[in-house]
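Each remark here refers to the structure printed beneath this line.
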Amino acid sequence: MTGAPVGKMRDIKFTRIADYTYEIARNQEEGMNVPGILFSDPEMLDHILADQSAQQVINVSKLPGIVRASYAMPDVHSGYGFPIGGVAAFNYDDGIISPGGVGYDINCGVSFLVTDLSYDDIKHRKRELVDEIFKTVPSGLGHRSELSLDNSQMNEVMTEGINWAIDQGMGISSDRDHTEEGGKLMPADPSNVSNSAKQRGKNQLGTLGAGNHFLEIQRIDQIIDKDTAEKFGITKRDQIGIMIHTGSRGLGHQVASDYIDLINRKYGQDESGIPDRQLIYARTGTDMFDRYFAAMNAAANFGFCNREIISAMVRKAFSKIMGTEEDEIRLVYSIAHNIAKVEEHVVDGKSIKLIVHRKGATRAFPPGRKENGHLFAETGHPVLIPGDMGTASYIMVGKEGNMDRSFSSSCHGAGRMMSRKRSSDTFIASAVQQNMESRDIYLRTASRKAIVEEAPGSYKNVDMVVSVTEAAGLAKAVARMIPTGVVKG
DNA sequence: ATGTAC
């Protein structure tokens with residue numbers, strides 16, 4: 001049934017307008033330029049209402065130049081200004097860009113690699129493999145890389161993205177076709193990145209970081225869409241893959257804080273009508289817009305390069321322990337889920353240029369978009385969904401028609417259900433680890449804190465998030481992976 | 001998420 005109000009909490013009214021799709025009408029609050037749209041189910045709506053995310057969806061809908069709707073993906077939760085799991089597109093000719101709409105971890109994202117190895121091939125060496133990766137890939141807060149870059153190398157990384165790593169022998173040239181935009185976003189201008197941001201990045205290339213960032217050895221658990229899986233190189237149950245979830249580290253974080261600060265100082269007064277200070281933005285056509293966009297792309301390129309170099313370290317570890325060749329560990333895809341992109345979309349029957357913010361949301365283009373590249377023209381590019389460390393992760397692809405539903409965006413993970421603090425108060429590290437061990441998941445972490453804060457019970461059920469994402473018509477599952485070895489910051 | 005901080 002469509003059209004009847006289904007809930008009212010915190011004075012926010014939702015109307016079910018389609019399968020797993022709820023609307024917050026434009027008349028909900030004064031100043032909304034577009035409605036809010038949440039992809040969810042009745043059970044998950046409760047989680048949304050328990051935090052600030054629905055209000056944040058409303059706040060975003062009031063920003064200038066927003067087109068069609070302010071969206072929340074099924075894994076939405078509250079974030080800095082914009083919700084995590086939020087998608088907002090602005091008219092490129094008369095809109096805005098907002099650092100809060102991208103998030104502090106610019107190009108936080110995922111790489112997934114597959115091997116021809118089966119679980120049986122690695123199980124007797126699994127601990128050695130994980131230990132080797134844990135030893136060679138620095139993880140945790142403040143842990144430095146053995147790579148130390150000078151200014152000119154930093155500038156190259158920020159303009160060239162993964163090409164820098166490939167030129168250095170830390171990557172394979174074919175990885176370009178398996179990375180969003182070839183792993184090099186443009187325009188990227190390091191001169192718009194502060195010295196302190198560059199300083200922070202110099203010893204962080206090839207580091208995993210902390211929080212929900214991870215590196216997992218996974219086994220293919222279910223192949224859901226056999227044809228597509230095969231095109232992605234996934235052919236059998238128990239096939240071994242490696243998932244890397246990390247971003248642009250301290251460099252991206254510094255770029256975000258620098259520009260939030262700069263924009264606030266320059267436009268804070270003029271934009272006093274803004275519903276939340278944290279939504280501060282630069283308007284299209286201003287120098288500030290161009291500077292942030294080019295700095296964000298520079299940080300994103302650092303993020304792509306970071307995942308590429310970690311992939312090279314994984315290839316090396318597999319080679320040392322398993323005797324595999326570099327090209328036997330194949331990149332399926334590397335994609336961002338914290339980014340703003342310039343994209344063409346049809347709005348009101350006309351194709352227009354937009355600046356699409358995806359913050360904790362994954363681009364999910366179906367076949368037919370040039371961005372897919374030649375390899376994924378027929379399938380759509382892989383959409384990588386990292387779950388929690390004890391349950392599962394997914395590969396999906398965009399569903400036909402999702403351009404009209406979410407500007408071709410999908411969920412980006414399970415989404416937190418408990419705050420880090422509440423997780424720390426709820427879980428005991430040894431019990432979490434033991435539980436994982438009993439399910440054959442070997443865990444190495446840089447800190448005890450990571451174990452409790454990242455306990456699987458802190459997250460929404462990823463299977464449910466994925467099934468709502470499917471039912472809402474955003475993306476469809478291709479394969480489900482389960483972790484067997486986990487490295488956490 | 002992040003050298004836990006203006």
Side-chain angles (χ1 to χ4, degrees), chain A residues 51-53 56 75-86 98-110 138-145 148-149 154 193-215 244-265 268 277-278 280 295-296 299-300 302-304 306-307 310 336-340 357-362 386 388-389 412-424 445-450 452-454 458-459 487-489:
Chain A
D51 69 15
Q52 284 299 305
S53 48
Q56 291 184 328
D75 52 333
V76 71
H77 53 111
S78 38
Y80 180 88
F82 292 64
I84 296 163
S98 172
V102 172
Y104 275 88
D105 191 4
I106 295 165
N107 190 7
C108 184
V110 183
S139 59
L141 209 56
H143 290 210
R144 293 157 69 99
S145 173
S148 181
L149 275 63
M154 280 298 292
V193 173
S194 70
N195 285 328
S196 64
K198 289 175 188 169
Q199 209 56 40
R200 284 179 75 170
K202 280 180 176 175
N203 294 96
Q204 291 186 322
L205 205 52
T207 68
L208 196 57
N212 65 0
H213 289 167
F214 68 69
L215 193 158
I244 300 160
H245 178 207
T246 186
S248 55
R249 310 285 289 104
L251 181 139
H253 193 275
Q254 192 63 49
V255 167
S257 0
D258 287 342
Y259 277 90
I260 287 168
D261 206 44
L262 278 169
I263 295 173
N264 255 312
R265 270 186 285 161
R277 272 281 73 135
Q278 297 184 348
I280 192 73
M296 181 205 68
F302 184 92
F304 281 124
N306 188 32
R307 286 198 295 275
I310 294 173
H337 51 228
N338 276 14
I339 196 87
H357 296 62
R358 295 191 183 87
K359 179 190 190 181
T362 315
D388 68 73
M389 66 182 179
H412 86 303
R416 283 199 86 87
M417 191 165 66
M418 280 186 195
S419 67
R420 295 188 175 277
K421 169 89 177 75
R422 202 177 136 211
S423 294
S424 305
T445 61
S447 73
R448 305 288 286 175
K449 200 173 89 166
V452 284
E453 289 189 356
E454 291 296 316
S458 315
Y459 285 86
V487 173
K488 269 276 187 190

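Predicted model only: the values in this text are computed from it and were never measured. By convention in this document, chain letters (A, B, ...) are assigned in the order of the sequence lines, proteins followed by strands, and residues within each chain are numbered from 1.
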How many Å lie between [atom1] on [X] and [atom2] on [N], as a whole number?
X: A:Glu453; N: B:dT4; atom1: CD; atom2: P; value: 13 Å
X: A:Tyr104; N: B:dA5; atom1: OH; atom2: P; value: 11 Å
X: A:Asn338; N: B:dT2; atom1: CG; atom2: P; value: 11 Å
X: A:Leu251; N: B:dT2; atom1: CG; atom2: C1'; value: 12 Å
X: A:Tyr80; N: B:dT2; atom1: OH; atom2: P; value: 17 Å
X: A:Arg420; N: B:dT4; atom1: CZ; atom2: P; value: 13 Å
X: A:Gln254; N: B:dC6; atom1: CD; atom2: P; value: 10 Å
X: A:Lys449; N: B:dT2; atom1: NZ; atom2: P; value: 11 Å

- Got more than 12 heavy atoms from elsewhere within 6.0 Å of NZ, A:Lys198?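 Yes - once you tally the heavy atoms of other residues, nucleotides and ligands closer than 6.0 Å, there are more than 12.
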
- Message: Using side chain to side chain contact (heavy atoms under 4.5 Å, CB included), reason through A:Lys359 and A:Ile84 one step at a time and then give a plain yes or no.
- Response: CA-CA 6 Å; A:Lys359 179 190 190 181; A:Ile84 296 163; 4.2 Å; yes

- Message: With side chain to side chain contact (heavy atoms under 4.5 Å, CB included) as the test, pick out the partner of A:Tyr459 among A:Met418, A:Met389, A:Met417, A:Glu454.
- Response: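 Checked A:Met418, A:Met389, A:Met417, A:Glu454 against A:Tyr459; only one passes side chain to side chain contact (heavy atoms under 4.5 Å, CB included): A:Glu454.
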
- Task: Just call it for A:Gly209: base, sugar-phosphate, or nothing, with non-hydrogen atoms closer than 4.0 Å on any strand.
- Result: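 Result for A:Gly209 = sugar-phosphate.
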
- Checking all strands, does A:Ala256 fall into the base, sugar-phosphate, or nothing category for heavy-atom contacts under 4.0 angstrom?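 Answer is nothing: A:Ala256 stays at 4.0 Å or more from every strand.
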
- Message: Keeping A:His245 on the side-chain end and A:Pro386 on the backbone end, is there a donor-acceptor pair under 3.5 Å?
- Response: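 Judged by distance alone, no pair lies under 3.5 Å.
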
